[in-house]
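Have a look at the structure below, then the notes.
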2 protein chains.
Amino acid sequence: MTKTITKGAVGLPLNQIMAGDCIEIMRSLPADSVDLIFADPPYNLQLRGDLHRPDNSKVDAVDDHWDQFDSFKVYDKFTKDWLSAARRLLKPGGAIWVIGSYHNVFRMGAELQNQGFWILNDVVWRKSNPMPNFRGKRFTNAHETLIWASKSEGGKYTFNYEALKALNDGVQMRSDWVIPLCTGHERLKDGNGDKAHPTQKPEALLHRVLVGTTNPGDVVLDPFFGTGTTGAVAKMLGRDFIGIEREPSYRDAAEARIAKIRRFDREALETSTSKRAEPRVPFGQVVERGMLRPGEELYSIGNRYKAKVRADGTLIGNDVKGSIHQVGAHLEGAPSCNGWTYWHFKRDGKLVPIDILRQQIRAEMDETRPH
Amino acid sequence: MTKTITKGAVGLPLNQIMAGDCIEIMRSLPADSVDLIFADPPYNLQLRGDLHRPDNSKVDAVDDHWDQFDSFKVYDKFTKDWLSAARRLLKPGGAIWVIGSYHNVFRMGAELQNQGFWILNDVVWRKSNPMPNFRGKRFTNAHETLIWASKSEGGKYTFNYEALKALNDGVQMRSDWVIPLCTGHERLKDGNGDKAHPTQKPEALLHRVLVGTTNPGDVVLDPFFGTGTTGAVAKMLGRDFIGIEREPSYRDAAEARIAKIRRFDREALETSTSKRAEPRVPFGQVVERGMLRPGEELYSIGNRYKAKVRADGTLIGNDVKGSIHQVGAHLEGAPSCNGWTYWHFKRDGKLVPIDILRQQIRAEMDETRPH
DNA sequence: GAATTATATGAATCCGATC
DNA sequence: GGATCGGATTCATATAATT
């Protein structure tokens, strides 16, 4: 299923893992081409030998002790570079997720804001089975922090509110997610039976991220691909991915892992949508079709007010003329009003919301539309 | 109980609220003199227009002048200044707590690290009853973040591991704390019945902070004192406080509030250093939430014995200290005892089993739902 | 008085298509 | 591109009002 979309002169390598430094590679990809970025960068400079100083000299392993201020400076430069390269790739309506711990997440969050990303939420991954603090010197480090941000203020980011609400048993999804660590069968092992990657993320985490903030067919980029959790879940969910990873052993593990994944079928990928996605029906159509007649009276939700339907699909009530919404808002002294649920008509002596008339029209529209 | 400790040439004004700008005032206080700082600075919310609930009622926004900053640059300068003034005041073994939301916490965290504070944990306050996201455009903002940091790397900070474990019913305290918002009787009102402060913090939060990271007699400074939650809990727990607040109306409310507080007696303040058993709802939460107060007396099922509640959720009765279960078992000469049904408190002259308090907490938490 | 129902509210960066 | 306006959107808890 590997494919390449060309955009301008440069190709976008989909469903592949690119080998090399993510900053260089991201700079070589076309701008404004990616829907979502998920990034799980290295947390701590001192404990890893795979980072570079600004002059590109390699940082030695743990025994290379330098003070924390130099360390932060180098980490900030690294963060600044990969975040700006990432931002360039995002479509105007694109968004980014980053994940980190208290060692690095504050620096990432501040840099996100500095670069003009617009933070939408910080989300807490609450681990149901964290490693205890063995020495009893601090609180059990039982969570990690994710930051979700749009490319810029006012960006038209994707948020599948209804799908997430459904995932959460019908209650609005909160900013704290209880998800177990990645263990058991899901945890990839190398040839020796050791874990293939030290910080493999659970698929449940990516599932929630991708269902919630992308649509099928979207392009998801992960610049710190590791063993490919982002790619695996993207494939299952019918999203295209681009992975970037420097370590050959991680790439190999990810490649083998993703090859085994099957995409869910089309029906399974359809998620709950909100009313906002449904076609708009002007109230005038209700009158045009004779479902309500000019001169007929409508009654407010508490039956306190009446208004009369006019031939052009406006109402008149208490000497105020306007749309079903405007007249409702005026009578209630409210800033706004959904006229469809506010107004009722009489049928067999009972009050029925006019919204059922809109539903009838929508049902008819469905019949005429190809499925 | 107002007192002044002199240290060198300068006095340390204990258990008072100082009027004015916290940066200037902190600069005038003696260095290396404070054990703990708790800081709840303005969040820089950057709110735009009005927000209405689906029922059209208007959300009472935090639009106070003190939360207005022109830019991140201005906010960063403010953060840098108050944090450096605060750091100077801390004893070498001192520590700081800051609290914030995604609007400001990343900038505070980065600056803490820049100044040489050593982050010990980030802690998530998971709100059991947050305000929903009314427009369905983001995740419910259901938490705030606290950062706990020592004055510098290697600082000999205070951490009452066993007391916190006891508060958590024998299980190591985690970095995510479920605590309700400050509402009801605890929420201070002004003369008109409006809230006295827009962002009053729950006492349960400060209880956990102060029991966990200070000792009786320690000096706790709060540079953004507001209506004095830090001072109120410090007084209860036998810690000395220093408050700094600019707004006269907040100072007045705090003054009146703290005057009414009684310090728990000495016995109640001694916290446990032994291990506990492990049912599900920690009795410590009953104490933290103020459902029972340290020093309050409990009565055995036949009203033959009495015991006193201590600040860490243990009891003392007949010179025996321990969990509600342990003390009950000891008094009855039994191998075990269910403290929840054994112990009763007095309400309206009647004896009520403490188990109903556990039921209240369970109802609030209702953590059986997947998040 | 007890039980039930209605109302109020909390640190919030909360709309988007069409004209 | 700014203005207009249709119309979609909420959870837990405390307290007041009602039955």
Side-chain angles (χ1 to χ4, degrees), chain A residues 93 113 117-122 149-150 153-154 156-157 159 161-162 165 168-175 273-284 313 322-329 334-343 355 358, chain B residues 40-64 66-69 72 99-105 125 127-145 180-187 193-195 197-202 226 360 363-366 369:
Chain A
Q113 293 178 312
F117 285 98
W118 194 246
I119 298 183
L120 299 164
N121 278 112
D122 59 336
S150 59
E153 185 178 359
K156 305 291 177 213
Y157 58 92
F159 185 59
Y161 177 76
E162 293 293 342
K165 189 171 174 178
N168 198 33
D169 229 14
V171 182
Q172 185 173 93
M173 186 71 81
R174 299 167 39 119
S175 60
T273 54
S274 73
K275 287 187 196 165
R276 273 188 276 255
E278 293 185 52
R280 196 158 126 188
V281 177
F283 178 69
S323 70
I324 54 174
H325 317 292
Q326 288 170 329
V327 175
S336 70
C337 171
N338 185 341
W340 290 106
T341 51
Y342 181 75
W343 292 109
D355 198 44
R358 179 170 65 163
Chain B
D40 180 15
Y43 287 9
N44 187 23
L45 286 188
Q46 310 163 70
L47 302 178
R48 304 285 194 255
D50 288 342
L51 179 65
H52 293 87
R53 298 184 180 80
D55 66 2
N56 271 323
S57 63
K58 192 176 162 197
V59 173
D60 185 16
V62 179
D63 53 4
D64 306 74
W66 49 254
D67 198 42
Q68 309 299 323
F69 295 84
F72 281 132
I99 180 168
S101 66
Y102 65 82
H103 309 84
N104 70 325
V105 78
W125 168 25
K127 303 176 184 182
S128 54
N129 52 345
M131 184 161 71
N133 185 290
F134 296 116
R135 302 300 292 266
K137 304 307 292 181
R138 303 183 179 188
F139 299 95
T140 310
N141 209 337
H143 74 276
E144 292 184 26
T145 302
L181 294 173
C182 178
T183 59
H185 290 303
E186 191 186 318
R187 189 83 192 218
D194 299 323
K195 53 193 177 192
H197 191 283
T199 69
Q200 186 183 337
K201 295 292 174 290
Q360 280 178 31
E364 284 174 29
M365 295 175 69
D366 191 28
R369 206 170 38 210

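Just so it is clear, the values below take in all heavy atoms, side chains as well, and ignore hydrogens, waters and symmetry mates.
Gly100(B) comes within 4.0 angstrom of nothing in the nucleic acid, heavy atoms only. Using a 4.0 Å heavy-atom distance criterion, Tyr161(A) is classed as a sugar-phosphate-only contact. Across all strands, Arg48(B) comes closer than 4.0 Å to no nucleic acid atom at all (heavy-atom distances). Within 4.0 Å (heavy atoms only), Glu162(A) reaches sugar-phosphate atoms of the nucleic acid but no base atom.
Sequence order on DNA chain D of the closest nucleotides to Thr183(B) and Met131(B) puts Met131(B) first from the 5' end. Nucleotides of DNA chain D nearest to Asp355(A) and Gln172(A) differ in position, and the one nearer the 5' end is that of Asp355(A).
Between the side chains of His103(B) and Ser101(B), at least one donor N or O sits under 3.5 Å from an acceptor N or O.
Regarding contacts with the backbone of dA12(C), every side-chain N or O of Asn141(B) stays at 4.0 angstrom or more from both OP1 and OP2. Regarding contacts with the backbone of dC14(C), every side-chain N or O of His52(B) stays at 4.0 angstrom or more from both OP1 and OP2. Between dG10(C) and Lys195(B), a contact under 4.0 Å exists linking OP1 or OP2 to a side-chain N or O. Distances shown here put a side-chain N or O of Lys137(B) below 4.0 Å from the OP1 or OP2 atom of dG16(C). Remark: Tyr102(B) is not in phosphate contact with dA11(C), judged by side-chain N or O atoms under 4.0 Å from OP1 or OP2.
Remark: DNA chain D takes part in the stems C:2-10 with D:11-19, C:15-19 with D:2-6, each of 3 or more antiparallel Watson-Crick or G-U pairs, criterion distances under 3.5 Å.
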Counting primed atoms plus P, OP1 and OP2 as sugar-phosphate and everything else as base, spell out the protein contacts along nucleotides 1-6 of chain D at 4.0 Å heavy-atom distance: B, S or - for each nucleotide, 5' to 3'.
----SS
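Atom CG of Asp50(B) is separated from atom P of dT13(C) by 15 Å (rounded to the nearest Å).
We find that the ring of Phe134(B) and the base of dC14(C) do not stack by the test of centres under 5.5 angstrom and planes tilted less than 30°.
A donor-acceptor contact under 3.5 angstrom links the side-chain atoms of Arg138(B) to the base of dT13(C).
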Tell me which donor-acceptor pairs under 3.5 Å the side chains of residues 56-63 of chain B have, and how far apart each pair is, sequence neighbours excluded?
{"unit_1": "Asn56(B)", "atom_1": "ND2", "unit_2": "Ser336(A)", "atom_2": "O", "d": "2.7"}
{"unit_1": "Ser57(B)", "atom_1": "OG", "unit_2": "Arg53(B)", "atom_2": "NH1", "d": "3.1"}
{"unit_1": "Ser57(B)", "atom_1": "OG", "unit_2": "Asp55(B)", "atom_2": "OD1", "d": "2.7"}
{"unit_1": "Asp60(B)", "atom_1": "OD2", "unit_2": "Lys195(B)", "atom_2": "NZ", "d": "3.2"}

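Relative to the side chain of Arg187(B), the nucleotides dT13(C), dA8(D), dG10(C) differ in distance, and dG10(C) lies closest.
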